[in-house]
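Working notes, beginning with the structure itself.
Index from 1, following the sequence.
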Amino acid sequence: MKDVEHEKRLAAEAAAELVTDGMRVGLGTGSTVAYLLEALARRAPRAEYVATSPRTRDAALAQGLAVKEFDRVDRLDLAIDGADQVAASGWLVKGGGGAHTREKIVAAAADRFIVIADSSKLVDELHGPVPLELSTFGLESMLRRLTSVVVRQGGLSPDGGVIADYQCGVVDPWVLAPALSATPGIIAHGLFDPELVGAVFIGVGDEVLRTMKGAVI
């Protein structure tokens with residue numbers, strides 16, 4: 001039986017080794033990132049951090065990490081985050097925690113984006129649901145036009161957007177991602193394309209598998 005928490009910890013600790021003195025680092029949101037914060041606190045590099053959610057910010061501060069507001073930082077050396085699905089093609093699904101808009105912004109601002117995950121997140125092909133952040137303005141009209149979208153009860157993003165899930169399958173993410181991006185009222189979706197991802201660190205048993213765009217490195 002897989003020890004998922006052990007695999008998460010291994011992947012997080014491997015990614016923490018990339019953080020060195022003087023770096024500015026984006027921190028994602030989720031259970032695997034919690035292990036990353038612990039590893040960074042133990043290593044204590046003299047780095048500055050940007051958090052993608054209040055939950056991560058508070059947890060990082062509790063670990064003694066130096067967290068800055070993102071509006072004071074123009075670029076990041078590195079961003080590290082988890083994922084809900086990691087496909088063999090290099091595509092990701094993110095947003096289980098409802099922070100995927102901020103996570104995508106932080107990933108895009110970084111010179112290198114590292115994903116950390118356990119082996120249960122590996123999939124041959126992406127599948128639904130795909131998280132969405134929706135505008136509150138015109139929400140009912142938008143939901144009438146959108147098909148197979150379910151709003152999460154009480155689900156709001158860190159910026160107050162409505163969190164929902166697109167329930168259909170993901171036949172071709174290269175087609176679905178731009179279609180969702182072009183839909184008025186969708187602030188952001190949880191599909192992350194391989195061009196955004198620098199590498200994926202996956203805990204597999206007692207080892208860490210490193211991949212880049214689906215290929216082992």
Side-chain angles (χ1 to χ4, degrees), residues 26-30 33 50-54 56 70-71 73-76 79-115 117 121-200 211-214:
L27 302 172
T29 299
V33 170
V50 167
T52 54
S53 67
T56 297
F70 196 22
D71 58 8
V73 180
D74 61 349
R75 56 167 291 277
L76 300 170
I80 307 173
D81 201 354
D84 302 314
Q85 298 177 45
V86 179
S89 63
W91 277 88
L92 311 176
V93 169
K94 291 177 46 56
H100 50 281
T101 300
R102 288 190 177 191
E103 290 168 347
K104 193 171 285 188
I105 292 170
V106 166
D111 292 343
R112 193 178 184 202
F113 175 40
I114 304 298
V115 175
K121 304 300 173 59
L122 293 172
V123 296
D124 292 329
E125 295 181 352
L126 300 183
H127 56 79
V130 175
L132 305 175
E133 181 173 350
L134 308 177
S135 170
T136 57
F137 181 77
L139 179 63
E140 292 304 319
S141 173
M142 184 184 354
L143 291 175
R144 181 179 59 81
R145 290 182 287 107
L146 293 173
T147 59
S148 302
V149 172
V150 177
V151 173
R152 295 186 196 173
Q153 293 300 313
L156 295 177
S157 77
D159 300 301
V162 173
I163 299 300
D165 292 293
Y166 175 77
Q167 300 288 343
C168 291
V170 184
V171 177
D172 185 346
W174 290 107
V175 174
L176 179 59
L180 292 175
S181 295
T183 301
I186 296 181
I187 298 171
H189 55 76
L191 292 170
F192 283 55
D193 74 64
E195 298 305 315
L196 190 60
V197 181
V200 182
T211 70
M212 182 180 297
K213 295 180 175 59

Atom pairs and distances, side-chain donor-acceptor, residues 131-149, under 3.5 Å, sequence neighbours left out:
residue: Glu133; atom: OE1; partner: Thr101; partner atom: OG1; Å: 2.5
residue: Glu133; atom: OE2; partner: Ser157; partner atom: OG; Å: 2.7
residue: Ser135; atom: OG; partner: Phe137; partner atom: N; Å: 3.0

Handout entry: Within residues 150-180 or reaching into it, pairs that qualify as ring-ring contact (aromatic ring centres under 6.0 Å, His included) - sequence neighbours excluded
Key =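 Sorted pair list: Trp91-Trp174.
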
How would you list, by chain and number, every residue that makes a side-chain hydrogen bond (donor to acceptor under 3.5 Å, both in side chains) with [X], sequence neighbours excluded?
X: Thr52; result: Thr29
X: Lys121; result: none
X: Asp193; result: none

Under the salt bridge (charged side-chain N to carboxylate O under 4.0 Å, His left out) rule, collect the residues that match up with [X], sequence neighbours excluded.
X: Asp124; value: none
X: Arg75; value: Asp77, Asp111
X: Arg152; value: Asp165

Exercise for the section: Mind checking side-chain contact (heavy atoms from CB on, under 4.5 Å) for Pro158 and listing every partner two or more places apart, or none if nothing turns up? Expected result: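 Testing Pro158 for side-chain contact (heavy atoms from CB on, under 4.5 Å), a comparison that skips the adjacent residues, returns Ser53, Pro54, Ala99, Arg102.
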
Return the minimal non-hydrogen interatomic distance between [X] and [Y], and the atom names on each side.
X: Ala83; Y: Val115; answer: CB-CG1, 3.7 Å
X: Val33; Y: Gly28; answer: CG1-O, 3.4 Å
X: Pro173; Y: Leu126; answer: CB-CD1, 4.3 Å
X: Gly190; Y: Val130; answer: N-CG1, 3.9 Å
X: Asp84; Y: Gly96; answer: OD2-N, 2.8 Å
X: His127; Y: Val93; answer: O-CG2, 4.5 Å

Practice task
Can you tell me which residue pairs pass the salt bridge (Lys or Arg N to Asp or Glu O under 4.0 Å) test with a partner in residues 85-101, sequence neighbours excluded?
Solution key: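 Residue pairs with at least one partner in residues 85-101: Asp81-Lys94, Lys94-Glu103.
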
Handout entry: Spatial distance of atom CG (Leu92) from atom NE2 (His100) [nearest 0.5 Å]
Key =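 If we round to the nearest 0.5 Å, Leu92:CG and His100:NE2 are 13.5 Å apart.
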
Practice task
Working to the nearest 0.5 Å, report the span between OG1 of Thr183 and NE2 of His189.
Solution key: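 That separation rounds to 9.0 Å.
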
Exercise for the section: Flag the pair Val162 / Leu156 as yes when at least one side-chain heavy-atom distance between them is below 4.5 Å, and no otherwise. Expected result: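 Side chain of Val162 against side chain of Leu156, heavy atoms only: contact under 4.5 Å found.
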
Problem - Neighbour count >12 (heavy atoms, 6.0 Å) for atom CD, Glu125 - result: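 No - once you tally the heavy atoms of other residues, nucleotides and ligands closer than 6.0 Å, there are 12 at most.
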
